[in-house]
Protein chains: 2
Amino acid sequence: MFFLKQLPTKAMVDKYSGIYCPEYAEKVTNQLKMMREASILVRQLDTYFASHNMSQLKFLILMVIDRELDRDWLYAVEISERLDVSKPVLSRAIKTLTEKGYLSTHKDSKDGRAVVLTLTQSGKSTLTTLLPDYFKILTNHSGEEQ
Amino acid sequence: MFFLKQLPTKAMVDKYSGIYCPEYAEKVTNQLKMMREASILVRQLDTYFASHNMSQLKFLILMVIDRELDRDWLYAVEISERLDVSKPVLSRAIKTLTEKGYLSTHKDSKDGRAVVLTLTQSGKSTLTTLLPDYFKILTNHSGEEQ
DNA sequence: TAAATATAGTTATCATGATAACTATATTTA
DNA sequence: TAAATATAGTTATCATGATAACTATATTTA
């Protein structure tokens, strides 16, 4: 999350960085602007998911399982290859999704350590319900602070 | 924070959104790409600040006080006008910064509710120390996942 | 093939984000 | 001018991010 509402002026960047170069100041403000815009969008999405007792991470977990082309399941470790999140956070989110009845888990027959994760019917329909407005929020976003 | 490493293909966006429009799919992937890029950058900055026992929020608090043109202090409520963060989170961050000796606080003479926040010498030098590499991280960022 | 190492996943703990509800003071309104 | 409302800031509580250290099983190496 990036909180700064008013970006620093070029003069401020020059002074603070000690580098008096228009391209440098422009690059800095562009990056700050991007972080700000993304933060606003992430927050909108978080609010949306929270109103459905979900979170972005949980939604993305359902999505990466669903979008798998050749299988209808993933190992947790495969999810962590697709989502850039720490193992304990992923572990907890999977536990919550299982408790909610969105994921079914069973031990892998070949590897005693691994857990096979499949979407339940409820998980699939939750994903399907959430998707349209998810895209709507993404695309309606103005790119401006309101 | 946005975790998805591999963006969905155009075909996936079409199917998931039910909207078969190239501009729509492109807008979606652009927004996802932006969130991903910003998340990577925010994470780099968080790591940087953590290595100095700081956080982005605490850094920005010091910065908005320092960059004030006509005064060398701000009320907490003024900081919350400049930073898009909830009051309790701001309150806690200010408390930590005061305990670290980076901020000095005293009651306002006119308004018994308000607290006047000023940078200490240590707060100023911490800000000055952190600024150059902060800009370096912002500008060195490749925009690619590594 | 036994010992060492790697891998899958969990538990404990902490930092930092949020909202709801609060205290204390200032301002507005009837 | 007393009562109602607004404002500044805090406390309690929860969700969700992280790392460190762990268990259990699989794989590699001597």
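Keep in mind it's a predicted model, so treat the numbers as computed, not measured. A note on names: the letters A, B, ... follow the listed sequences, proteins ahead of strands, and every chain is numbered from 1.
Taking the side chain of Ser91(B) as heavy atoms from C-beta on, and the options dT16(C), dA8(D), dT11(D), the nearest nucleotide is dT11(D). Residue Lys87(A) has its side chain nearest to dG9(C) when only dA8(D), dG9(C), dA18(C) are considered. Of the candidate nucleotides dT7(C), dA18(D), dG17(C), dT7(C) has the atom lying nearest to any side-chain atom of Arg113(A). Comparing atom distances between the Pro88(A) side chain and each of dA18(C), dT10(C), dG17(C) picks out dT10(C) as nearest.
The NZ atom of Lys58(B) sits 13 Å away from the C1' atom of dG17(C) (whole-angstrom rounding). Look at CG on Leu74(A): it is 13 Å from P on dA8(C), rounded to the nearest Å. The separation between Tyr75(A) atom OH and dT25(D) atom P is 16 Å, rounded to whole Å. Per the geometry, CD belonging to Glu99(B) stands 14 Å off C1' belonging to dT10(D), to the nearest Å. Asp46(A) has its CG atom 9 Å from the P atom of dT16(D), to the nearest Å. Rounded to whole angstrom, the span from the CG atom of Asp111(B) across to the C1' atom of dA24(C) amounts to 10 Å. For the pair Arg43(A) CZ and dT16(D) P, the interatomic distance rounds to 16 Å; values are reported in whole Å.
Phe3(A) comes within 4.0 angstrom of sugar-phosphate atoms only, judged by non-hydrogen atoms across all strands, and of no base.
Between the Arg36(B) side chain and the Phe2(B) main chain, a donor and an acceptor come within less than 3.5 Å of each other.
Checking the phosphate oxygens (OP1, OP2) of dA26(C), no side-chain nitrogen or oxygen of Lys110(B) falls inside 4.0 Å.
Expressed to the nearest 0.5 Å, how far CD of Gln31(B) lies from OG1 of Thr139(A) amounts to 8.0 Å.
Between Glu81(A) and Leu57(B), it is Glu81(A) whose nearest contact on DNA chain C lies nearer the 5' terminus.
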